[in-house]
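As structure tokens, the structure follows; a few thoughts come after it.
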Amino acid sequence: MSNEQALKEFETTTRAWVKENFPPSLAGTAMGLEGEASESEKADFELWRQRLAEKGWGAPTWPVEYGGAALGHPEAKIISHEMAKIGAFNPIPLMAGMGVTMVGPTILEYGTDDQKNRHLKSIASGEVRWCLGLSEPGAGSDLASLATKAVDNGDSFVVNGQKTWTSGADISQWCGALVRTDPAAKKRNGISFVLLPMAQEGVTTKPIKLISGVSPFCDTFFDDARAEKADLLGDLNKGWSVVKRLLQHERQSQTQARSPGGGAKKATLQDKAKTYAGTDANGALADADLRVRLANHLMDAQAHGLTVNRITAEAKGKVEVSAAASILKNSATKIAQTKNELTMEFMGTQGIGWEGDDFAAEELENVRDWLWGKAISIYGGSHEVQNNIISKNILGLPETTQQG
Amino acid sequence: MSNEQALKEFETTTRAWVKENFPPSLAGTAMGLEGEASESEKADFELWRQRLAEKGWGAPTWPVEYGGAALGHPEAKIISHEMAKIGAFNPIPLMAGMGVTMVGPTILEYGTDDQKNRHLKSIASGEVRWCLGLSEPGAGSDLASLATKAVDNGDSFVVNGQKTWTSGADISQWCGALVRTDPAAKKRNGISFVLLPMAQEGVTTKPIKLISGVSPFCDTFFDDARAEKADLLGDLNKGWSVVKRLLQHERQSQTQARSPGGGAKKATLQDKAKTYAGTDANGALADADLRVRLANHLMDAQAHGLTVNRITAEAKGKVEVSAAASILKNSATKIAQTKNELTMEFMGTQGIGWEGDDFAAEELENVRDWLWGKAISIYGGSHEVQNNIISKNILGLPETTQQG
Amino acid sequence: MAALTEEQSMIRDQAKSWTADKSPVDKFREMRDKEIANNYFPETWSAMVEMGWTGIIIPEQYGGSDLGFLTFGVVLEETGRQLTASPLFASALVGASAILLGGSEAQKQAILPGIVDGSKILTLALEEGPRHAPENTSLNAQASGAGFKLSGTKTFVAEGMAANTFVVAARTSGSAGDREGISLFLVDAGAKGLSRNAIKTVDSRGYANLDLDAVEVSADAMLGQVDAGLPILEATLDRARAGLSAEMLGTAAQAFDMTLEYLKTREQFGQVIGSFQALGHRAAGLFGQMELARSCSEAALQAIDDDRDIELLTSLSKCRVGEFLFDMSNQLIQIHGGIGMTDEFDAGLYLKRARTLETAFGNRSFHRDRYATLAGF
Amino acid sequence: MAALTEEQSMIRDQAKSWTADKSPVDKFREMRDKEIANNYFPETWSAMVEMGWTGIIIPEQYGGSDLGFLTFGVVLEETGRQLTASPLFASALVGASAILLGGSEAQKQAILPGIVDGSKILTLALEEGPRHAPENTSLNAQASGAGFKLSGTKTFVAEGMAANTFVVAARTSGSAGDREGISLFLVDAGAKGLSRNAIKTVDSRGYANLDLDAVEVSADAMLGQVDAGLPILEATLDRARAGLSAEMLGTAAQAFDMTLEYLKTREQFGQVIGSFQALGHRAAGLFGQMELARSCSEAALQAIDDDRDIELLTSLSKCRVGEFLFDMSNQLIQIHGGIGMTDEFDAGLYLKRARTLETAFGNRSFHRDRYATLAGF
């Protein structure tokens, strides 16, 4: 059977399975089942999670022994696609926090058999949520200057220090933390990556309220917290290479620009602009100045999408893959932020609502997106750090003497 | 008599003198009397130069004893203004090369009495043209790394090395040159400023052809050239402070943005744009995209003009002068370059002519302006150097470790 | 700053020290968090009245000091720096301008002293849709007996809950888009048929939506002549734009100062981040924008005082100061990095205020278009 | 580069090494300085014919290789890099496209083999004013006996002195602005009443202005149907735009490479200037623009080969590659500093070429407007 035939067949069986197993009551609901849900909805949700987990579809590309389904990326894509078609979704990656997207893949690469056995299945089933303790108040873009230290204490490390921007720390059960194990070594040496449970006396969390009003992150304090030696991921003092790989997984998940045109159901950006700003006799946006910038934005977005396609094609083809992938983070950021600003602009005074019935839900949502979106150029390698990387690693320009 | 009354009176007498003395045959001719001129025009031109020189109006703010008229800046402005009114002009600053604008003022400040007596009058009369030997092939923005050296030889220095971008070196009689007199000292120390005649065996010049097709600059080679010790300007090995002042004089002459609207006679930029690109039913520029950028450009120009006015007002007023002057060079540059690009754009295929009757004189002139204008962000402190200055001197940000 | 008179310098110093001491941005945060009624502290307002700020553009015969718009701009720049919330701008600048430009002598005598002593709080009720378009005014004013009956809605009315008098733009003839047929009315906040509700905006200031249901006003409630309100309205709007630009400049200048301070103190990779050339050059560029914006802002205010080129210069000012505030508020967040994203830090307050001010009285796009039209293309 | 076929890779390698060896930018400079007739070297043209480049989009039955536009783009990128001058683009892409899209079988057989073997040099004579506006075509075509008489002028005709056949857009009915009424004619360069003169442009390439004075053409000189030439013309223009974008990308990419090399070798303040962060970040930004522009260029060429979304993607490509070339050509000069201003150095050649290409077949503004219209706003 050819590869294409096999995929076709997989698609057919997947479609049938999803249709049979997805509780119709959940169709189109928010993925995380946030806010109020009825008891029956909650039960359906849990049922659906269990069915997915049993099938290994929470993390379908992982090995079967660790809770996955040992599928390829094309198959995983088919699963997503078939779910989307009938309003279904895979809630497990969200429920696992950083588990499915970042911690799990890194454990698969660097973990001992023991670590894989103990941690991966509960991630792939969505039962254990993970957070990541990387940034510190004095170590953001310059992660290597971190100060949280872990001292050898026989079977375990004793961890002291403060982490910040730990996503979902207040609701996570486990944490992957970057700690300093050799204070005498130079910055990037002497760092290790440890896994530790959050439910212990030495760990406290404090949510950080953001300008958009939500608190998805925490300050996390380690005060004689314990991490078992068996939970050292990778070699002692070699945590920098572990975290570099981890951050690659993060960047991969951030390079997709949100499609500005939107799907079939949602009004396109240009249609919304026309609704708010009006049109002239030829159907063109009445605000000619806005029209120019909207056109530039849509071109940016299309150029970005074409570049993603090109990279995929190159990867399949015989020519060497170009360095274009390095530009995607900054490009995606610009597109997302510009989209939000343009939307603010054409909505005018309806675009600056905070809450209340005087604003449509979509209007308020854009305000939150706009504020939240300011972070895209900061986290996961800031705009400036990306430029440093391109300049140095891709273009081969010499490092400035300033860089640590 | 109040100051204002005195100025009013000066204006009246100036108007009368200019009317009486300016040869009407020269009205509106090009200032440098370039290209073909009849013998009688040349004679009239020389007559006019002599009359101005006698009056001290070649460099009106200089002391009378050095060929000036000891006037204030307001009076000097009145002279220019009254000349412009009837199509007259002051050809001396152009004839003196860098003499009136840069060398002369610096000699006035740093020169010995002997130097003042020997050099200034012939500058103020337009009889001796000066060039400046500053940049070198390896020392442009980083002027302090210059290599041309001057070795003590009793009464004189022996100069060896190459200067570049010496404006009008092939037609100048004298040169002010920055030379290294102490090779052992650190970069900015060990540099001196000497004056030397160009008509000597050790000096050769080679015009540099520019992308616009003209050759206003030269490479200048010193091969055992001589500069008299009596022509050392400022102290030995202290030439850096002399040149700093010199460059301030240069920058002052470069901060005026050309008025984009133009005078009463010339068509405004927006009128020209309308002619080439057409208008819609409301009289607005048909190309809405161009219209936006043209509006931005005119706003830039007006904001720049208002800033120049503000700085003048502040200098007169009681409050401390703001640091706004530091931004004028980059601002003026942006305006001049944008104006040329926009003009290219709306002229379309008529905007890319090189020569010939198929293009109007004004179209060809814009092409030359456009190409020449690319230099504005390079010379006299490049765009990048200006930003370094603002960042360091005005905003007080620390020097990067890279800077020499 | 332009060459200020001694009086203007004094007022600037007073405004600077009062806002920094009595009404710093922390005070604004407190107002927001405690959800103070009408979104400003009564004592802030009293202090302003006491300092005479409410009378800056009002002639002496009506109790003001007649110091002019450039002086008002000096004060607004400082309130803009600290995000000081009050009806000062809405009432003592916009409201007062409408009366000064369109009011009869009787109206001036009846209203202006009240603006000065703070007992009257005026505000302009203009907008009916999300985007600024004065000539599209549609709120219906039907002749009725000796007066008019007003029906329709107004949105985004600044200090709309605190105001006791509204200057309402209404249509007495023609239809949306016609320049003729707009009239201005003074409407009491307690008038029968008028209801208002507070709207919650991202900048946490006081705005209201109004609903007018056959609100009766007498003939002498009209500012100026019937159907001829647009010129008064536009002149009022230009004063509003010039004043708002001064406030926006202050907001942006404070954001610049905060950023510069951070560049000088925050360390990364072993040195203060201001020593990274890319950031140093960015700061230099922002500084350039700021100086150019300041020239535009001052020129617009001066133009009103001198009564020349008002339209062109106010559009220039709103557009260029707006551009600087837009860029600066984004860079305020970007350069501060993660800390800039937290509600605890002030950057978000400035960013949110920036976008709100951008929408008021015409955004950059509106003024770019107007500037081009005024310049004849 | 997209995932190229083996054949495309081979052609790219051949084009790259041939242009670098036989037609580097020095060769262009020599042509300019020696004022070579028709502004290209005959041997350059023969070599191209020999390598089969003239037949890349022409079907095999007419002597071509039918490899398609993506392949042609691969070649044009390399000629763009070295500023190689020849009638390749005007004749074998634009001229050939017009015949392929509008020609009868007889016309194809009569002309295409000549394009392939280089004996026929075609070019499009379209523009009549300084700004691209195909539907404004006004050159008069009067029915006369069995044929037409053409009268009027054409400007900025690429390779207009070298061409022996013109594809002339003329108006057979209606007036400027009407989409109906335009017809396309094949006109021999030696036709009675046709005169041409070379114009000297900033990029030192071969362009001509044409004057047609009652030039007689027979009915079978028409491409397509009478009055229905615009769709053929527009489809031809889109092929021209896609091809030109590929050439522009090459020109800009070479400017990028030159600049990057300079950043790595030029020293100032004791270190190579590429280590200054502000310049490093600028280079990173330009690299980003280049990668995005490349995706657009390749997508437009591919769209023609696939016959889908041609209009949208060619406008995207001309606009975005144009933007990159504009910025890159300015930075080429700026980063090189003084040396970049000298005629001796190559930067000026690229800058001059950049602005000429920008005007051809619609500038960025034209295509931004067209993109927005196609996208429905």
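Being a predicted model, the structure only gives us computed values, none of them experimental. Note on naming: letters A, B, ... go to the chains in the order of the sequence lines (proteins, then strands), and numbering restarts at 1 for each one.
One side chain, C/Gln277 or B/Asn388, offers a donor N or O that lies under 3.5 Å from an acceptor on the other.
Looking at every heavy atom in both residues, C/Cys296 comes nearest to B/Ala303 through SG-CB, 3.4 Å. Here the closest heavy-atom approach between residue B/Leu397 and residue C/Gly274 is recorded as CB-O, 3.8 Å.
Both the backbone and the side chain of B/Thr307 come within contact range of chain C, with heavy atoms under 4.5 Å apart. Residue B/Leu306 touches chain C through both its backbone and its side chain, counting heavy-atom pairs closer than 4.5 Å. With a 4.5 angstrom heavy-atom cutoff, B/Glu384 touches chain C via backbone and side-chain atoms both.
Distance check, rounded to the nearest 0.5 Å: NE2 of B/His304 to OG of C/Ser295 gives 10.0 Å. Remark: C/Glu291 CD to B/Ile390 CD1 distance equals 9.5 Å, nearest 0.5 Å. C/Asp309 contributes atom CG, which lies 7.5 Å from atom CD of B/Gln302 (distance to the nearest 0.5 angstrom).
Between the side chain of C/Lys264 and the backbone N or O of B/Leu395, at least one donor-acceptor pair lies under 3.5 Å. Checked by atom type and distance alone, the side chain of C/Arg368 never pairs as donor or acceptor with a backbone atom of B/Met299 at under 3.5 Å.
Crowding of C/Glu180 atom CD: a count of heavy atoms from other residues, nucleotides or ligands under 6.0 Å not exceeding 12. No more than 12 heavy atoms of other residues, nucleotides or ligands shown are found within 6.0 angstrom of NZ on B/Lys334. Heavy-atom contacts from other residues, nucleotides or ligands closer than 6.0 Å to NZ of B/Lys85 number more than 12.
Of the listed residues B/Asn282, B/Asn330, B/Leu294, B/Asp271, the one with more heavy-atom pairs under 4.5 angstrom with chain C than any other is B/Leu294. Across C/Thr373, C/Leu312, C/Leu316, C/Leu263, the residue that shares the most heavy-atom pairs under 4.5 angstrom with chain B is C/Leu316.
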* Asked: Can you check side-chain contact (heavy atoms from CB on, under 4.5 Å) on C/Gln289 and B/Ile327, steps first, answer last?
  -> CA-CA 9 Å; C/Gln289 272 191 282; B/Ile327 70 154; over 6 Å; no
* Asked: B/Asn387 and C/Arg282: side-chain contact (heavy atoms from CB on, under 4.5 Å), yes or no, with the steps?
  -> CA-CA 8 Å; B/Asn387 275 341; C/Arg282 201 183 295 166; over 6 Å; no
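Between B/Leu298 and C/Phe377 the shortest side-chain heavy-atom distance falls below 4.5 Å.
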